[in-house]
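Since the model is a prediction, treat every value here as computed from it, not as a measurement.
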Amino acid sequence: MVFEGSSSAISHTGKVRSNNQDSGYAGANLFAVADGMGGHAGGDVASTIAIQQLEQLDQAFASTDDAQASLQAATTTAANHLIRAAKEQPELAGLGTTVSAIIMVDDHAVIGHIGDSRIYLYRDDELTQITADHTFVQRLVDSGRITPEEARYHPRRSVLMRVLSDMDNDPELDMFVMPTLPGDRWLLCSDGLSGVVDEAHILKAMRMSLPPGRTADNLLKQALDGGAPDNVTIVLVEVGGLHPLSSGTATIVGAASTPSGVLIPAARAARTSWLHPVRQAANDPSHFEPAADYLEELIEEDRRRAKRRRIGWIAALLVVILALTGAGFLAYNWTQTRYFVGADEDSVVIFQGVQQNIGPISLSTEIEDTGILLANLPPYQRSSVERTITARSLADAMAIVDRLRAGEVAVTGETPSPTPTPTPEGASDGTDGGGA
């Protein structure tokens, strides 16, 4: 069954690269993106070989199983062609390419993926990343060692762990099948888009419900406005829905669209100036596939970086603790310049500090029990003492006590003996402690 819907494919060199090593394909049933790697010549050769092999799959398959088997076989054949190309032309050694492809089979999408190009699904006003990047930093994200935002700017974000290359004749693809619904939009793109334009802005472009071609143009413009340090390739597929198919002719873009034997002059590299600087986006420099010993070095480097990050967090935590401790000490010292008159069981007491407590920590201490019994005070004075009476100073507290003592005399008719002035905690009582 031929897929019913509309699609668009577009590819751009970007503002920094001198040639386009990406390739894209949008046909009747097949949609694919390949992001080449391996130098000025190797990258475009690799992505072209991959698209040429996948192009043969643009047909109606009887089942999703047949489509999966054919997709695996095509990528394996492409890998063998890469190996042969590197042997015949030693200057191409190290060439490789990512591959992200969809084959539409009835109401299902057969997906094959290797590398760090991406496939997104826009459905029910939500954007979901369907594929997982085969990169070193994605492993760090999966293990919880860094966040997805940190991965966008990680110094090793360009290191690929799996790729279609001249080093492996049996590539391991992520292969799975997903159902499609009318109105679904599938976005296939190289990291020239996903590394510059975040998902929030991709989602905003999708929500505009423009035809696939205009939506792809919108996304490309955002990538170019963001600096576009790498090639940008976009294939957008809309299932059924709002925009009918305008042409049944397959669209090939990027390196694979160049006829064999035709040389394309390198584009002039962007020049920087203080008026128009070339902004470095998250996916610069270009990706590459490392050797095994290099990965060990990266893991060790990441451990050192994680250790430095932990040390930084610990140092920051210590600074915060010291600041809080200092602030607490100053606040406690201030409370000890305050006084109040309150009740202790059955008598009136002068306290130094404030009435509040911090959990089990009391912010006040008793400095004198005046000997005035609460039972001997008039009701209004007894109520005030039980609620505590704030004093501005020790002298003010003594004046409050004198007033309470007068109230006691009024009730009992007895003249109590005067009490000595209390000495605040930590102050001298005027004696030297020596003999007469």
Side-chain angles (χ1 to χ4, degrees), residues 141 144-150 200 306-436:
V141 172
R145 297 167 70 177
I146 63 174
T147 66
E149 182 61 24
E150 289 174 329
K307 183 178 180 180
R308 290 194 298 268
R309 189 161 50 241
R310 284 195 299 270
I311 292 174
W313 277 110
I314 292 172
L317 181 61
L318 289 176
V319 170
V320 171
I321 291 174
L322 290 175
L324 292 176
T325 301
F329 179 75
L330 293 175
Y332 178 77
N333 283 345
W334 175 85
T335 66
Q336 300 311 296
T337 65
R338 309 291 99 183
Y339 297 88
F340 66 92
V341 178
D344 184 7
E345 296 181 354
D346 59 352
S347 61
V348 177
V349 176
I350 298 177
F351 291 92
Q352 181 179 11
V354 294
Q355 296 93 321
Q356 290 79 14
N357 296 331
I358 301 178
I361 302 174
S362 175
L363 298 180
S364 62
T365 55
E366 178 183 325
I367 63 172
E368 184 196 358
D369 188 334
T370 65
I372 301 174
L373 298 177
L374 293 175
N376 293 340
L377 294 175
Y380 73 91
Q381 287 187 332
R382 180 166 59 249
S383 177
S384 296
V385 171
E386 289 174 344
R387 291 196 305 269
T388 71
I389 305 171
T390 302
R392 293 185 297 274
S393 63
L394 179 57
D396 189 25
M398 294 302 300
I400 293 171
V401 169
D402 289 342
R403 290 194 294 273
L404 295 175
R405 203 178 303 282
E408 181 186 32
V409 170
V411 172
T412 62
E414 299 177 356
T415 302
S417 58
T419 57
T421 301
T423 301
E425 183 179 348
S428 173
D429 59 2
T431 63
D432 59 8

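Two residues are said to be in side-chain contact when any heavy atoms from C-beta on lie closer than 4.5 Å; L394 and I367 meet this criterion. For the pair E345 and L374, the minimum side-chain heavy-atom distance is 4.5 Å or more. Side-chain contact between F340 and V354 is absent, with no heavy atoms from C-beta onward closer than 4.5 Å. With contacts defined as side-chain heavy-atom distances shorter than 4.5 Å, the pair L377/V348 qualifies.
Take S383 and apply the side chain to side chain contact (heavy atoms under 4.5 Å, CB included) test, not counting sequence neighbours, and it matches R387. Under the rule for a side-chain hydrogen bond (donor to acceptor under 3.5 Å, both in side chains), T335 has no partner lying at least two apart in sequence or in another chain. Not a single side-chain hydrogen bond (donor to acceptor under 3.5 Å, both in side chains) links R310 to another residue, sequence neighbours left out.
For the residue pair P378 and G407, the shortest heavy atom distance occurs at CD-O, 3.7 Å. The shortest heavy-atom contact between E408 and L373 is OE2-N, 3.9 Å. When every heavy atom of Q336 is checked against every heavy atom of Q352, the shortest pair comes out as O-NE2, 2.8 Å. Among all heavy-atom pairs drawn from Y339 and S393, the shortest one is CD1-C, 3.6 Å. Heavy atoms only, all atoms of each residue included: I400 and A391 are closest at CD1-CB, 4.1 Å. Shortest non-hydrogen contact noted between Q381 and R403 is NE2-O, 3.6 Å.
Applying side-chain contact (heavy atoms from CB on, under 4.5 Å) to V401 and the options V349, I372, I389 leaves one that passes, I372.
A distance-only check finds no donor-acceptor pair linking the side chain of T337 to the backbone of N333 [under 3.5 Å].
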### Task
Apply side chain to side chain contact (heavy atoms under 4.5 Å, CB included) to M398 and I350, showing your working.
CA-CA 8 Å; M398 294 302 300; I350 298 177; 3.5 Å; yes
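Atom-to-atom distance recorded for D369:CG and F351:CZ is 8.5 Å, nearest 0.5 angstrom.
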